[in-house]
Asks: 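Submitted below is the structure of interest, expressed as C-alpha cells.
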Amino acid sequence: MSVMTMVKAINNALDIKLKEDSTVVIYGEDVGVEGGVFRVTEGLQKKYGVERVFDSPLAESGIVGTALGMAVSGLRPIVELQFEGFTFPAFNQIASNVSRIQNRSRGKFNVPMVIRFPYGGGINALEHHSDSPEALFAHIPGLKVVIPSTPYDAKGLMIAAIESNDPVIFMEPKRIYRAIKQEVPSEKYSLPLGKAKVIQEGSDVTVVAFGALIRECQKAIAMGEEAGISVELIDLRTIYPIDRETIRKSVRKTGRIVVVAEAHESFSVGSELIAIANEEAFLYLEAPPRRVMGFDTIVPLAQGEHYFIIHPDRIFYEIEKTFKF
Amino acid sequence: MSVMTMVKAINNALDIKLKEDSTVVIYGEDVGVEGGVFRVTEGLQKKYGVERVFDSPLAESGIVGTALGMAVSGLRPIVELQFEGFTFPAFNQIASNVSRIQNRSRGKFNVPMVIRFPYGGGINALEHHSDSPEALFAHIPGLKVVIPSTPYDAKGLMIAAIESNDPVIFMEPKRIYRAIKQEVPSEKYSLPLGKAKVIQEGSDVTVVAFGALIRECQKAIAMGEEAGISVELIDLRTIYPIDRETIRKSVRKTGRIVVVAEAHESFSVGSELIAIANEEAFLYLEAPPRRVMGFDTIVPLAQGEHYFIIHPDRIFYEIEKTFKF
Amino acid sequence: MIQENLPAIFRDFNPLENKMLSLIDNDGEVVNPKYMPSLNDAIVIEAYKQMLYERIADEMAVSYQRQGRMYTYTPNLGQEAIHIAAGMHIREQDWLVPAFREMGTLLAKGVTMKEMFLFYLGNERGGSFQNANHTLPIAISIGTQLHHATGIGYSVKYRKKDEAVFTFIGDGGTSEGDFSEALNFAGVWQVPVVFTIQNNQYAISVPVRSQTKSINLAVKSVAFGIPGIKVDGNDFFAMYLAYQTAAAHALAGNGPVLIEAFTYRLGAHTTSDDPSKYRKKEEENEWGLTDPLLRLKRYMEKKGIFTIDEKKLTEEYKKEITGQFLDAEKNKAYPYDDVFDHMYTDMPDELKRQKAEYEEFLNWKENRR
Amino acid sequence: MIQENLPAIFRDFNPLENKMLSLIDNDGEVVNPKYMPSLNDAIVIEAYKQMLYERIADEMAVSYQRQGRMYTYTPNLGQEAIHIAAGMHIREQDWLVPAFREMGTLLAKGVTMKEMFLFYLGNERGGSFQNANHTLPIAISIGTQLHHATGIGYSVKYRKKDEAVFTFIGDGGTSEGDFSEALNFAGVWQVPVVFTIQNNQYAISVPVRSQTKSINLAVKSVAFGIPGIKVDGNDFFAMYLAYQTAAAHALAGNGPVLIEAFTYRLGAHTTSDDPSKYRKKEEENEWGLTDPLLRLKRYMEKKGIFTIDEKKLTEEYKKEITGQFLDAEKNKAYPYDDVFDHMYTDMPDELKRQKAEYEEFLNWKENRR
Ligand SMILES: Cc1ncc(C[n+]2csc(CCOP(=O)(O)OP(=O)(O)O)c2C)c(N)n1
Ligand SMILES: Cc1ncc(C[n+]2csc(CCOP(=O)(O)OP(=O)(O)O)c2C)c(N)n1
Ligand SMILES: [Mg+2]
Ligand SMILES: [Mg+2]
C-alpha cells in the first residue's frame, strides 16, 4: 500500500505490466525522456530502455496505426495521445481499423492495444485541451471505452485494459490527475471492464457519472443529504460496453435518474443512459430522467469555462428538481 | 417540373448554385470528368470548367481542410467525400477546425461550406461503404447535419445547405439515390434546415426516421394500418440542430415513440430522440420509447447484411409491441 | 543517397534523375544485361505460370461478376508481374500487408481463389485469409495499411525475428497523409519493410499528374530518408531484381525501401467502373503493348524456354478455378452468429442482449407465417 | 530542380546537397556578399526594433505567467529573425495562417499585444485577432493550418487577387500527414503559398533526429515537386532574402515555396515545460551565440548604424506593453453570451433552450444566496 495520485497509479500499472510482460511497449509524443507532459510515463524509459518506452514522430494516425500493426503481430502496445483533442488525426485508424481488424479477419487477428489520453476540462487550458469526446468512441463498435475516477480504479482498470485482447480507449480525467490521493495496493490487481460501481447506495434518485465528475457529484450529494434526499451514485467506469444491469437495478429502485457528464449533451452518454433507463425501467420512472451536461458549444477558454464546467450546485439543483417532480 | 431521382435532384441543386453564384466551387475525388462514382456531379465540369468543378488529390483531410481555407476567404466550396467510411481521414479537420473557426475567431470568419457524401447500407457493398455515422457528426458542436429522404427534399435542402453561412454535413442515403423518382420543380427553392417534417399524421404511435428508412417505415405503417394502428411519421430531415418542437408535439399526442435508423444503436440518434421524448413529454408517455436500429456490430458484408438492415416487418413488429404495451 | 550500404541499383537508377529500372523491352529483348538476374529456367517458367493463373482467375472473376453471380470486383489485369515477383520473395514467415489490387501476391502467400471469391460474394470468411500465414486482410481505407506494415516491422525488429514485411499502395494512395507518415516512421525506426507503390497511372478516373507535382513517385522517399527506386512494373525481371534487392536490404537490418512499380491498369477500376469515360482507347492500346505476360513470353520464346502448352494449361486453370468458384458459391451462407461473434474476444452483455432481442423478432416472424 | 524560372538561391542552396543559406555570421560579419540584400539603413534599424519589441513582449509574457497573472504561454525567444523578416513581406492584403509560435509576424499583421495577452488570459476575443486583416487565429491542432493556407491560396488564385499566403509549422509538425498533404495539394494547384518550417530543433522534448530520417526538412519539398530551401533562421538577412524571393515567386504565379528556417527555441516549449529534462545547458549556450538579435546588432555596430538607444527603447516598450497587459487584464471578463453567440450565424433553438435552462439555474442560484 502506498498513497498515490492517479498519475502515479497509472504509472504503477504500466510499470507492473512492462516488468512482467516483455511484449508490452509504450510510445507516443514525449513519453520517453520527458515522461509525458503529465508525467504518467515518468521513469519508465530509464527502467525499461528506449526499445520499450520511446518517443514517436509527431503524428497521431501513425502512432495508432503502427500500434495496430504491433498488436496483430505479437506485441501489446500502449500508446499515449497527448490530449483528447489530438485523438482526431487518429480517428480513421481507430474507427476503420483498430475496432475492425478482429471482425474483418474473423478472429484470425486480435488487437490487444490500449490508446490512453487525458481528457476533460477544468484546468484553464487552451482549445482542444478541455474536451470530453467519450461518446464518439463509444458509438464505434469494436472498442471498449474506459474512464477511471480514482487512483485505485485507474490502476486496476489499466491493468485490465492492457490484459484485454480487445482494443481499449482509456480516457484519463486530467483534472483529477493529482487532485485525489488514495491508498493503492502495490501489487497487481485488476478491475473488470464493463462493470459499473455503486459508489453509494440511496433510495430517492440515481445519479450516474464517471471520471472527474464523481467528486463533484459527491459534493452535490452531500448538499442533497442536508435537504433530505437519498442519492444512489453510480460510477460508470466503462462507457462501452455499458453496464445496463447496474443502471436497471438502481433506477427500478429509485425511479429517478440524473446523468452528470461534461460532454456536449446532444448525442451523448447522457442520451444513451436515458434511453437505457426507459428500456430497462420504464414503469418505474417517477420523474423525467435528466441530463446535467455541457452545452452544445465549444468549451470556452479559461475566463468562460466556469459556465460550461459542471459544478456541485448545478448537480444539486437538478437532483432536487428531479426529486421534487 | 420534371421527374428526378435523388442523384438528379442534387445535381440540379448544384447546377443552379454554380450558375447563380460564382463563388461556388465543387471538388473531391473523381467529381470532375467522371462526375462522381454515383454521378451526382455529372456534366458540371463540362458546364462550369475545371476551375470550378475539379478532381483533387486523393486525401480527405486535404479536401476538407483546403475547403475551409476557401470558405474563410470568400468562396462557397462544396466537397464530396466518396463514401461515408472515407470521412474519417477528414475527421480532425471537421471536428477541430470546420466546426470551430467561427467560434475561435468570434465571428470574424464564417464557414459557408458543404461536405457531402453518400452513406448507409443496402447496396451489397464492401466494408466502409454501408455505414451510418450521423451521430458522430451530430455530437460535434458547430456543425449542421442534414439528411434528405426524397429527391424533392434533397434539392431544397441542398440549396439551403449551400446558402447556409455555417458548415453543413450533407449525408445522402445512397440506397435511394435512384430508387425513388419524383416530380421536382426545375426552379430554385429551399427547405429550412433544422425543421423536421410530419410526413403522415396519426394518433397511436410516433415513428421518427430519416433518409432511406422513411420508405421502409411507410411500408411498416401500411402493415400497421391493417392492424388498426394509426402512426404519425416524422422525417427528421436535419439531425442537428434537431427539431424538438415537432417531436414534442407528436409524442404528447401519441404517447408513444419508435425511432427507426440504421446506425449502431448505442450513443445514437435513437438515444438522443428517446432523451428528448422524456424531456419534452414525460408525463404523456404510455409505453417505453423504442429504438429499431442497427446492432453494435460492423455492418456485415452482402451475405449477412440482411440481418443488419432494418426491414419493414421489424419496424412493424416494434410499432405493434409499443402500441400494445 | 544517404546510406553507404545502399545496393548499386538505387544509385544507378536514381529517381532524382527520373531513371527507371527496366531489364527487358516489349519484345522480350534484354536491354540491361548488367543487371539481368540469372534465374534458372524453372523459375522463369513458374513465374509465367503464376502470372497466367492470376490473369485467368482475374478474367473469370470479372465474368462471374458480369453474370450477376458476384458483387463488385477489383481487377488486376496488367499488374501481374509486380504481384508474382513480389510473391516469389515473400517467404512463409514474411508478412504481407495488402492494399486491394495484388491478388497474385495473396495467392503466393497461400490465399485461395475460393477465399477471394467468397470475399467478393460478400462474406468476411473469404477476406479473412485464414490459411495464409502472416497475411492481413485487404485494406479498403486507402493508406492506412502502411502504418500497420510499419508497426509490424517494429514488432519484428523488436522480437529479433527473421521476417520482412511487404506492403502495397496505389499511386492515388500516395496523396493520403498516412502514406507520408508511415514512410517517415519506417525511416526513423529503420524497420524491415518493403513499400510498393503500384503506379497504374490512375486513381479511378484521376490521372497521376493530378495527384502530385513530384517528378515521379519513387522520389518521395527522399522526404523520409529512405532509399527509393522506380521500376518498370510490367517487366518481370526488373520487378524480380527490385524485390530481391529490397528484401535483402531490409532483412540485413538496413531499413525500409520504397519501390515505385510503374505499370498500367489495363482493366476497369472495379467492375462498376467504365474507363472510357476518362481515358482514350489509344492510350490503353499503347500500354497494351507493354503487357507483362506478353513481354515475358517473348523473352522466353527467344530464349527457347517457352515449353508451356498454354492452351492446355489455361483449360486446366479454368477448370480448377471454376471448382473453387462453385465451392465458394455453395458455401457463401452467412450464419447469423457471424454478425456478432468476432466483434470482441468475449461477447459483451450489450451484444448478447441485442442478439437475443433480434432472435425474439425472428421468432415472431417465424410464427406469423 | 524542376522549375525553369526558379530563382538562383534555390539552385545555389540546394537542400539535396544539404546546403543552408546564411549571409552573416555570429559576429555580424557578412559571409556571403553575393546574396546580401541591399537594404537601406532605416529598414535594418526598423527590423532590429521589431525584433527587440517581440523579445521584450515575450519576456514580459513569460513573467506575467510566472506571477500567476496569465495562463500557460508559448515563448518565441530566439526565433525573432524569422518572424520579423516574414512580417516585413506580408502586406495588408496578404494572408497569414499561423501555427502558434510566430508572435512577431502576428504583430506585424496588426495584432496587438493586448490581444495576445487576452488570449493567454483565456479569452477568445484576444485570439480572434479582430483587427488584423486576412489573419487566421492560432492553430493548435498541429498541421491542420497548412491545408487552410493551401485552400486560401486556391481562393486567391481563383479570384485572381494580388494576395500571397504565408503559413507556418514546426519541425515536429512535418511528421503529421497534413503537412505532406497540404504541400502536395499546393504543388498540384500551383497556389501562391509560402510555407515556413520553423525548425527549432525540438518538438517539446523530442529532437528533430527522432522526427525524421531525411537529411534536412527543406528536402521534403522534393516529394511534392515544389522548390525548397534551408535558411539560417537566426540570420535576419538570410530570412529577409528568403521571404523576398519566395513572395515574388509566389506572386508571379510560379506556385508555392517551402522554407526551412533553421533555428533554436532558446526558451521553454511553454511556461509549463522544463527543458533541462531533455537538453543540455551546453547546447543551449552554444545556440545562444547565434542569437538573432545579437547577430544583427553586431552587424549594425560594425556598419556603424546601430543608432538605437536600446536602454531607452526598452523602457519605452516595457511601458507600452505593460499598458496593454493591464488593459487586457481589466477587460478579460467573459460575458455569458460569448459562450453561445459564435457557434452559428443564427443561434439554433437547441442552443437557445440550453441557454435558457442554464439561466433558470443561475436564477435559482441567485435566489438561494
Ligand atoms: C481513404 C479512402 N478514400 C477513398 C477511397 C475510395 N477509393 C477506392 S479505390 C480509389 C482509387 C485508388 O487509386 P490508387 O491508389 O491509384 O489505387 P488503384 O485503385 O489504382 O489500384 C478510391 C478513391 C478509399 N477506398 N479510401
Ligand atoms: C495534432 C497535435 N498533436 C499534438 C499536439 C501537442 N503539442 C503541442 S506543441 C507540440 C510540439 C510541436 O513541436 P514543433 O512542431 O516542432 O513546434 P514548436 O513547438 O517547436 O514550435 C505538441 C506535440 C498538438 N498541439 N496537436
Ligand atoms: Mg492507381
Ligand atoms: Mg520545434
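Reminder, nothing fancy here: chain letters follow the sequence lines and each chain counts from 1.
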Asks: Can you say whether A:Tyr240 sits under 4.5 Å from chain B via the side chain, the backbone, both, or neither, judging by heavy atoms?
Replies: side chain

Asks: Check whether A:Ile239 gets within reach of chain B through its side chain, its backbone, both or neither, counting any heavy atom under 4.5 Å.
Replies: both

Asks: If you round to the nearest 0.5 Å, how far is CZ of B:Phe137 from CG of A:Leu136?
Replies: 10.0 Å

Asks: Tell me, for B:Glu60 versus chain A, whether the close heavy atoms (under 4.5 Å) come from the side chain, the backbone, both or neither.
Replies: neither

Asks: About how many Å separate CZ of A:Arg291 and CD of B:Glu272, when rounded to the nearest 0.5 Å?
Replies: 4.0 Å

Asks: Looking at B:Lys253, I'd like to know if its NZ atom is crowded, meaning that more than 12 non-hydrogen atoms belonging to other residues, nucleotides or ligands lie closer than 6.0 Å.
Replies: yes

Asks: Minimum heavy-atom separation for A:Ala135 to B:Phe267, with atom names?
Replies: O-CB, 4.2 Å

Asks: Measure the CG-CG distance between B:Leu143 and A:Asp296 for me, rounded to the nearest 0.5 Å.
Replies: 11.0 Å

Asks: Output the option from B:Pro141, B:Gly85, B:Pro133, B:Ala277 having the highest count of non-hydrogen pairs under 4.5 Å with chain A.
Replies: B:Pro141

Asks: With a 4.5 angstrom heavy-atom cut-off, is it the side chain or the backbone of A:Leu285 that approaches chain B, or both, or neither?
Replies: both

Asks: For B:Glu286, is it the side chain, the backbone, both, or neither that has a heavy atom closer than 4.5 Å to a heavy atom of chain A?
Replies: backbone

Asks: Please list, in residue-number order, every residue in residues 89-109 of chain A that has a heavy atom less than 4.5 Å from any heavy atom of chain B; write 'none' if there are none.
Replies: A:Pro89, A:Phe91, A:Asn92, A:Ala95, A:Ser96, A:Ser99, A:Arg100, A:Asn103, A:Arg104

Asks: Identify the residues of residues 317-325 of chain A whose heavy atoms come closer than 4.5 Å to a heavy atom of chain B, ordered by number, or report 'none'.
Replies: A:Phe325

Asks: With side-chain contact (heavy atoms from CB on, under 4.5 Å) as the criterion, how do A:Glu279 and B:Ile274 come out once you've worked through the C-alpha distance, each side chain's angles and the decisive distance to 0.1 Å?
Replies: CA-CA 10 Å; A:Glu279 287 165 356; B:Ile274 293 181; 4.3 Å; yes

Asks: Check whether B:Phe295 gets within reach of chain A through its side chain, its backbone, both or neither, counting any heavy atom under 4.5 Å.
Replies: neither

Asks: For a quick test of reading the model, state the closest non-hydrogen atom pair linking B:Ser271 to A:Ala275 and the distance between them.
Replies: CA-CB, 4.0 Å

Asks: To the nearest 0.5 Å, what is the distance between CZ (A:Arg290) and CZ (B:Phe282)?
Replies: 12.5 Å

Asks: To the nearest 0.5 Å, tell me how far B:Ser266 OG sits from A:Arg244 CZ.
Replies: 7.0 Å

Asks: A:Gly270, A:Ala263, A:Ser268, A:Gly142: which one forms the most heavy-atom pairs within less than 4.5 Å of chain B?
Replies: A:Ser268

